[in-house]
Amino acid sequence: MALRFYNTLSQQVENFTPLDGKTVRMYTCGPTVWNYVHIGNLRTFTSQDILRRWLQYRGYQMMHVMNITDVDDRIIQQSAAAGKSIYEYTAEYEKAFFEDASKVRLQRPEKICRATEHIEDMVRLIQTLEKQGFTYSSEGSIYFRISSFPEYGKLAHLHFEGLKAGARVDSDKYDKDNARDFVLWKARKEGEHFWETPLGPGRPGWHIECSAMAMRYLGETLDIHAGGVDLIFPHHENEVAQSEAATGKPFARFWIHTEHLMVESQTMSKSAGNFYTLRDLFDRGFSPESVRYLLAQVPYRKQLNFTLEGLKAAATAIERLRNYELRLKTTKFAEGKNVKIEERTAQALKSFEEAMDDDLNTAEALGATFEYVRETNTAMDTGEFLAGNVPAALDFLAKFDSIFAVLEPSTVDQTISLAEIEALIAERTQAKKARNFQRADEIRQRLLEHGIVVEDTKEGVRWKRK
RNA sequence: GGCGCCGUAGCCAAGUGGUAAGGCAGAGGUCUGCAAAACCUUUAUUCGGCGGUUCGAAUCCGCCCGGCGCCUCCA
């Protein structure tokens with residue numbers, strides 16, 4: 001079966017191929033850098049990371065653009081409260097975002113772009129819309145007239161015909177013809193950051209940045225546009241309207257949206273305030289890999305219930321995979337190659353790939369992986385697994401990790417050197433030979449304090465980092 | 001009111017017409033000086049409830065119950 005994704009636009013799973021057959025041009029809505037990102041944000045970014053990793057696995061080149069929203073109402077408000085310029089204020093959170101992103105092993109998009117550095121692109125796009133009659137001005141602000149774009153609502157599948165203008169929204173405080181019209185350019189307000197432009201002094205509306213930057217770097221029609229489900233309306237809907245009104249071409253072929261997560265079965269939102277940041281979880285002793293694993297294990301289109309118990313389970317599951325990898329790398333298997341096991345390895349890889357091709361079914365992909373691990377562990381116990389089977393097994397594991405990226409431990413104790421570890425282990429082996437188990441256990445305990453676990457196997461001692 | 005999603009073992013979760021993957025936790029066992037690791041056995045005759053369609057349904061249809069989302073800033 002071909003690679004396929006659920007497309008919000010069609011509400012169906014569709015086969016995916018990039019327009020030019022080679023390079024996937026993808027735009028994702030990045031963070032608004034007004035605060036630390038929380039795990040809800042990270043779920044979306046992690047699912048997009050899995051998406052881009054899988055596209056690359058399938059042989060495509062990536063041209064992935066992610067924006068940084070560094071000017072909006074909250075930023076203006078918060079920076080003013082902190083007595084900083086918006087640039088000073090957002091620099092701190094942008095830096096924190098990239099630190100967090102790298103902790104959970106998000107690949108860096110090919111292009112990162114800041115809204116404040118693309119004001120000219122936005123102005124030009126607004127001018128194009130003005131010339132074509134899609135806009136109107138009111139008190140220095142410029143609005144998009146949704147009644148001029150008949151397909152408005154096609155992404156979010158909302159139908160507005162029956163609704164009276166202003167029926168649901170308090171339109172008094174806006175100088176809009178229709179309450180659902182949205183602002184492209186906001187007139188300057190006293191004390192607020194503004195740009196002097198041909199449109200007059202002011203700042204961009206929220207939606208225009210994504211259209212302007214996406215089209216600037218990716219052209220008028222993107223292969224994929226992704227974000228969290230809450231962005232479908234109005235953000236993405238408005239992007240569709242303004243972009244397609246300007247170009248007359250489809251803005252994005254695939255719209256891929258990640259479901260929200262819940263925390264301990266409660267809804268989570270910035271406004272509700274019940275959210276964890278990555279830093280909170282590190283403080284509780286959880287590793288970045290555990291967070292990544294937990295976020296990645298539930299398919300992106302399903303709500304994920306984030307719990308601390310789930311994080312512990314994730315940590316244990318990762319341990320199991322690491323132990324398996326260690327066993328593959330350290331065991332002296334009998335010579336030869338078991339054909340049945342080679343076939344089983346190929347089959348496991350195929351199951352893994354088919355699961356990922358199927359709209360990124362990570363749960364199924366993990367199932368295929370663990371099933372294989374259990375079966376080959378058994379084969380190792382019975383001696384059926386031979387030295388010649390190791391390369392293919394390691395290859396499968398490497399492929400798994402090229403997507404999930406959890407096998408490499410991220411915390412390494414630097415207070416003890418390799419030489420010291422080896423020396424202590426040698427001493428312990430001697431102590432054991434002399435049946436001085438007290439000394440042997442003492443050494444094992446001491447190493448454990450450095451996060452090193454010593455294991456006695458049939459073939460001798462081996463150690464690993466916890 | 002409109003649109004959409006979900007409800008599978010203690011927890012997480014796959015499976016969308018052919019007789020319940022996987023992970024974690026629990027119990028027992030093998031191995032071990034003790035551990036660790038690994039393996040084995042065990043844990044849902046059943047998939048929110050009630051009807052219907054079918055040779056056959058967790059999977060399709062109807063109704064009901066429960067949870068969530070969007071229609072307003074939000075990943």
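All values below were derived from every heavy atom in this structure, side-chain atoms included, with hydrogens, water molecules and symmetry-related copies excluded. Chain A is the first sequence line, chain B the second, and so forth, proteins listed ahead of strands; every chain is numbered from 1.
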Novice: Given the C1' atoms of B/A20 and B/A44, what is the spacing between them in whole Å?
Specialist: 8 Å
Novice: Please name the residue in the list A/Arg105, A/Arg43, A/Arg292 that meets the salt bridge (charged side-chain N to carboxylate O under 4.0 Å, His left out) test with A/Asp49.
Specialist: A/Arg292
Novice: By the 4.0 Å heavy-atom rule, please label A/Leu261 as base, sugar-phosphate, or nothing.
Specialist: base
Novice: For a quick check of understanding: with a heavy-atom distance under 4.0 Å over all strands, which category does A/Gly367 fall into, base, sugar-phosphate or nothing?
Specialist: base
Novice: Strictly by Watson-Crick or wobble contacts shorter than 3.5 Å, is anything paired with B/G51, and which nucleotide is it?
Specialist: B/C61
Novice: With a 6.0 Å cut-off on the ring centroids, do A/Tyr93 and A/Tyr36 count as close?
Specialist: yes
Novice: With rounding to whole Å, what would you report as the distance between B/C47 and B/A9 at their C1' atoms?
Specialist: 10 Å
Novice: Go ahead and name the base partner of B/C73; Watson-Crick or wobble counts if both distances stay under 3.5 Å, otherwise write none.
Specialist: none
Novice: Contact class for A/Glu455 vs. all strands (heavy atom < 4.0 Å): base, sugar-phosphate, or nothing?
Specialist: base
Novice: Using OP1 and OP2 only, check whether a side-chain N or O of A/Arg301 sits under 4.0 Å from B/C6.
Specialist: no
Novice: If only side-chain N and O atoms of A/Asn361 are considered, is one of them under 4.0 Å from the OP1 or OP2 phosphate oxygen of B/A13?
Specialist: no
Novice: Measure the distance from CE on A/Met380 to P on B/C39 and round it to the nearest whole Å.
Specialist: 9 Å
Novice: B/U46 and B/C3: how far apart are their P atoms, nearest whole angstrom?
Specialist: 36 Å
Novice: In whole Å, measure the gap between the C1' atoms of B/U59 and B/U54 for me.
Specialist: 13 Å
Novice: From the set B/C68, B/A13, B/A75, return the single nucleotide nearest to any side-chain atom of A/Arg74.
Specialist: B/A75
Novice: Partner of B/U19 by Watson-Crick or G-U wobble geometry, both contacts under 3.5 Å, or none?
Specialist: none
Novice: Whole-Å distance between B/C73 P and A/Gln78 CD?
Specialist: 18 Å
Novice: Within the structure, does a side-chain N or O atom of A/Thr267 lie under 4.0 Å from either OP1 or OP2 of B/G69?
Specialist: yes
Novice: Using whole Å, what does the distance between atom P of nucleotide B/C12 and atom CD of A/Glu309 come to?
Specialist: 8 Å
Novice: When the distance from CZ of A/Phe306 to C1' of B/A13 is rounded to whole Å, what number comes out?
Specialist: 16 Å
Novice: Rounded to whole angstrom units, what separation is found between the CG atom of A/Asn323 and the P atom of B/A36?
Specialist: 12 Å
Novice: Below the 4.0 Å mark, does B/C24 have OP1 or OP2 next to a side-chain nitrogen or oxygen of A/Arg320?
Specialist: yes
Novice: When you check the side-chain N and O atoms of A/Thr345 and A/Tyr372, is any donor under 3.5 Å from an acceptor?
Specialist: yes
Novice: Rounding to a whole Å, what distance do you find between A/Asp441:CG and B/U32:C1'?
Specialist: 12 Å
Novice: Using purine N1 to pyrimidine N3 plus N6-O4 or O6-N4 for Watson-Crick, or N1-O2 and O6-N3 for G-U wobble, each under 3.5 Å, what pairs with B/G10?
Specialist: B/C24
Novice: Can you check whether A/Arg374 has a side-chain N or O nearer than 4.0 Å to OP1 or OP2 of B/G22?
Specialist: yes
Novice: Whether the A/Tyr152 and A/Asn238 side chains hold a donor-acceptor pair (N or O, under 3.5 Å, no angle test) is what I'd like checked.
Specialist: yes
Novice: Indicate whether OP1 or OP2 belonging to B/C39 is found under 4.0 Å from a side-chain N or O atom of A/Asn377.
Specialist: yes
Novice: At under 4.0 Å between heavy atoms, what does A/Arg444 touch on the DNA or RNA strands: base, sugar-phosphate, or nothing?
Specialist: base
Novice: Can A/Phe437 be called stacked on B/G33 when the rule is centres closer than 5.5 Å and an angle between planes below 30°?
Specialist: yes
Novice: Heavy atoms under 4.0 Å, any strand shown: does A/Thr378 hit a base, just sugar-phosphate, or nothing?
Specialist: sugar-phosphate
Novice: What I want to check is whether the side chains of A/His38 and A/Thr277 have a donor and an acceptor closer together than 3.5 Å.
Specialist: no
Novice: Taking any heavy-atom pair under 4.0 Å as a contact, classify A/Arg439: base, sugar-phosphate, or nothing.
Specialist: nothing
Novice: Can the ring centres of A/His207 and A/His236 be said to be less than 6.0 Å apart?
Specialist: no
Novice: Rounding to the closest angstrom, what is the interatomic distance between B/U43 and B/C5 at atom P?
Specialist: 36 Å
Novice: Heavy atoms under 4.0 Å, any strand shown: does A/Ala363 hit a base, just sugar-phosphate, or nothing?
Specialist: base
Novice: Among the candidates B/C70, B/G33, B/A75, find the nucleotide nearest to the side-chain atoms of A/Leu231.
Specialist: B/A75
Novice: Between A/Glu459 and A/Thr331, is any side-chain donor less than 3.5 angstrom from a side-chain acceptor?
Specialist: no
Novice: Whole angstrom is fine here: how far is it from CG in A/Leu158 over to C1' in B/G1?
Specialist: 14 Å
Novice: Using a 4.0 Å heavy-atom cut-off across all strands, classify A/Gly227 as base, sugar-phosphate, or nothing.
Specialist: sugar-phosphate
Novice: When the nearest nucleotide of RNA chain B is assigned to A/Leu294 and to A/Gly228 on a heavy-atom basis, which residue is associated with the more 5' position?
Specialist: A/Leu294
Novice: Quick one: on RNA chain B, does A/Arg43 or A/Arg462 contact a more 5' nucleotide (nearest heavy atom)?
Specialist: A/Arg462
Novice: Is there a donor and acceptor pair closer than 3.5 Å between the side chain of A/Asn305 and the base of B/C6?
Specialist: no
Novice: Any chance the rings of A/Phe254 and A/His225 have centres within less than 6.0 Å?
Specialist: no
Novice: Which listed nucleotide (B/C24, B/A14, B/G33) is nearest to the side chain of A/Glu364?
Specialist: B/A14
Novice: Quote, to the nearest angstrom, the P distance that separates B/U16 from B/A27.
Specialist: 34 Å
Novice: How about A/His118 and A/Tyr217: are their ring centres within less than 6.0 Å of each other?
Specialist: yes
Novice: Which base, if any, makes a Watson-Crick or G-U wobble pair with B/A44, both distances under 3.5 Å?
Specialist: none
Novice: Given the P atoms of B/A13 and B/U32, what is the spacing between them in whole Å?
Specialist: 40 Å
Novice: Which whole number of Å gives the distance between the C1' atom of B/A21 and that of B/G33?
Specialist: 40 Å
Novice: Scan A/Lys302 against the nucleic acid and name what it touches under 4.0 Å (heavy atoms): base, sugar-phosphate only, or nothing.
Specialist: sugar-phosphate
Novice: Between B/C71, B/A75, B/A14, spot the one nearest the side chain of A/Arg180, thanks.
Specialist: B/C71
Novice: Roughly, in whole Å, what's the span from CG in A/Leu448 to P in B/A35?
Specialist: 15 Å
Novice: With a non-hydrogen cut-off below 4.0 angstrom, is A/Pro31 in contact with a base, only sugar-phosphate, or nothing?
Specialist: nothing
Novice: Considering only B/A75, B/A36, B/A13, which nucleotide approaches the side chain of A/Val298 most closely?
Specialist: B/A13
Novice: For B/C5, give the paired nucleotide (Watson-Crick: N1-N3 plus N6-O4 or O6-N4; G-U: N1-O2 and O6-N3; both under 3.5 Å), or none.
Specialist: B/G67
Novice: Counting only Watson-Crick or G-U wobble pairs whose two distances fall under 3.5 Å, which nucleotide matches B/G33?
Specialist: none
Novice: Starting the side chain at C-beta, find the nucleotide from B/U72, B/C68, B/A75 nearest to A/Phe233.
Specialist: B/U72
Novice: Taking atom types as modelled and ignoring hydrogens, do the side chains of A/Asp72 and A/Thr32 form a donor-acceptor contact shorter than 3.5 angstrom?
Specialist: no
